[in-house]
Structures are given as C-alpha cells and as structure tokens.
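Presented below is the structure to which this report refers.
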Amino acid sequence: MCEINLRIPTEKDLYSPFDESCRTLSAEVSDYLSEQYGRNEINGEIVLRIRCGGELNADRVRGAFKESIRERELHNAAQRKLNRLKQLWLICIGVVFVAAAILLDGVIGSVFVELISIVGSFAVWEAANIWIVENPRVRLAKRTLNKLNATRIVLEQNVE
C-alpha cells in the first residue's frame, strides 16, 4: 500500500487561485502529488490522506482530484497520437531518403549519396527511438494514471 499525506490549512489551498469553480488542483498540490507518486512504488492500493485545519467538501475535493487525472489522461492520449504521427512521418522520410540514396548511387557524387543516406538513416533511427524509448514511457504513464484513478482519498477535517 502507498500512502501519501497532504496537510493544508484550508480547503481553498487545494485549488488553483484562478479557478472560481474549485475544480482544478493548484500547481503546488499537483507538483507535490506528482513528486510523491514518483518516489513511491505504486503497487497495490494508493491512499491519499488530506488533513485540513478547516472543513472540507468531500465531493469537490474528489472531483478536483479526478479532473486532474483526466487532464493528464488527455495529455497522455495526445502524446500517444503525436508519437504515432512523428513515427509515420519519420519512417516515410527515412524510406524516401534511403531509396533516393540507392537510386542516385553512381549518378551523383558519392559524398552527396552518403549525405542523403545519412539523413534517411537518421530519420529511421528517430522513428525507432520513439518506438523503443518514448512509447514505453507513455504506456507506463497510462498504467500509472489507471492506478491513480483507483486512489482512495481519506479526508481528515479540523486537524490542528
């Protein structure tokens, strides 16, 4: 079980000062939670214990937490889509340049053929890098967000 403790003086300290609806966690709270989630192995249940010196609206707190996760999920989905587009684009460029290098071999100088081949190889390499390095990171973030969605929030009110 992973337990994260958060102490706030009042409920309004949880929310962004720019959001009148109090549905957005403040940047400080989001950063703190991200840091805590990053430090702990997320195996099993996650408990977020919020201690507040005043009253807490449980529905609003839980709603803001869920909204924060939803925003991260949207960002993650956009990153997956961007990665796919970048991979496709880089593969296409790489294939075109490598094919051009093969077709132009002997027609133009060898230095230019090598430069074209290097550009094509680099594009293919970058596509492979996204596939090997970036996509697993995005999948891990998705699994982490799924676990965060199951976080149990425990509210302790009027704690000094």
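- Here the straight-line distance linking atom CZ of Phe65 with atom OG of Ser30 works out to 9.5 Å at 0.5 Å rounding.
- Using a 4.5 Å heavy-atom cutoff, the side chains of Leu48 and Asn5 are not in contact.
- Applying the salt bridge (Lys or Arg N to Asp or Glu O under 4.0 Å) test to pairs two or more places apart or on separate chains, those with a residue in residues 110-135 are Glu134-Arg137.
- Through ILVMFWY side-chain contacts below 4.5 Å, Phe18 is grouped with nothing and stands alone.
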Would you tabulate the side-chain donor-acceptor contacts of residues 84-110 under 3.5 Å, counting partners in other chains and residues two or more places apart, or write 'none'?
from	atom 1	to	atom 2	distance (Å)
Gln87	OE1	Asn135	ND2	3.3

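- Trp125 and Val119 are not part of a single hydrophobic cluster, where members link through side-chain heavy atoms under 4.5 Å apart.
- Phe122 and Val113 end up in different hydrophobic clusters when Ile, Leu, Val, Met, Phe, Trp and Tyr side chains are linked at under 4.5 Å.
- We find the OG1-CD distance between Thr151 and Glu3 to be 12.0 Å, quoted to the nearest 0.5 Å.
- Partners of Glu73 under the salt bridge (Lys or Arg N to Asp or Glu O under 4.0 Å) rule, at least two apart in sequence or in another chain, do not exist in this structure.
- The list of side-chain hydrogen bond (donor to acceptor under 3.5 Å, both in side chains) pairs with a residue in residues 56-65, not counting sequence neighbours, reads Glu11-Arg60.
- Partners of Arg152 under the salt bridge (Lys or Arg N to Asp or Glu O under 4.0 Å) rule, at least two apart in sequence or in another chain, are Glu45.
- Considering CG of Leu25 and CD1 of Ile69, their distance stands at 9.0 Å, rounded to 0.5 Å.
- Contact check for Leu145 versus Asn149: no side-chain heavy atoms found under the 4.5 Å cut-off.
- Residues satisfying the side-chain contact (heavy atoms from CB on, under 4.5 Å) criterion with Asp19, sequence neighbours excluded, are Ser16, Ser21, Arg23, Thr24.
- Taking the side-chain contact (heavy atoms from CB on, under 4.5 Å) definition, one finds that Lys142 meets it with Asn76, Arg80, Asn146, sequence neighbours left out.
- Looking at Leu14 and Leu6, their side chains come closer than 4.5 Å, going by heavy atoms from C-beta outward.
- The CZ atom of Arg51 sits 6.0 Å away from the CZ atom of Arg7 when rounded to the nearest 0.5 Å.
- Other residues, nucleotides and ligands place no more than 12 heavy atoms under 6.0 Å from the CZ atom of Phe112.
- Not one N or O on the side chain of Ser68 forms a donor-acceptor pair closer than 3.5 Å with the backbone of Ala64.
- To the nearest 0.5 Å, atoms CD1 (Ile50) and CG (Leu155) are separated by 5.5 Å.
- Tracing side-chain contacts under 4.5 Å through hydrophobic residues (I, L, V, M, F, W, Y), one reaches Ile153 starting from Leu56; they form part of the same cluster.
- Shown here for Pro9 and Cys52, the closest heavy-atom pair between the two residues is O-SG, 3.8 Å.
- Under the side-chain hydrogen bond (donor to acceptor under 3.5 Å, both in side chains) criterion, Glu20 pairs with no residue at all, not counting sequence neighbours.
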(request) Start with the C-alpha distance between Ser34 and Arg72, add both sets of side-chain angles, then the distance that settles side chain to side chain contact (heavy atoms under 4.5 Å, CB included), and finish with yes or no. (result) CA-CA 11 Å; Ser34 294; Arg72 289 181 185 202; 2.5 Å; yes
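- Looking at residues two or more places apart in sequence or on another chain, you find a side-chain hydrogen bond (donor to acceptor under 3.5 Å, both in side chains) between Gln79 and Asn83.
- Separation of atoms CG (Leu148) and CZ (Arg143) is listed at 13.0 Å; rounding is to 0.5 Å.
- Evaluation of the side-chain hydrogen bond (donor to acceptor under 3.5 Å, both in side chains) rule for Ser121 yields no partner, not counting sequence neighbours.
- Residue Trp131 shares its hydrophobic cluster (ILVMFWY side chains chained together at separations under 4.5 Å) with Ile132, Val133.
- Side chain of Asp31 to main chain of Glu28: no donor-acceptor pair is present (N/O by atom type, distance under 3.5 Å, no hydrogens or angles).
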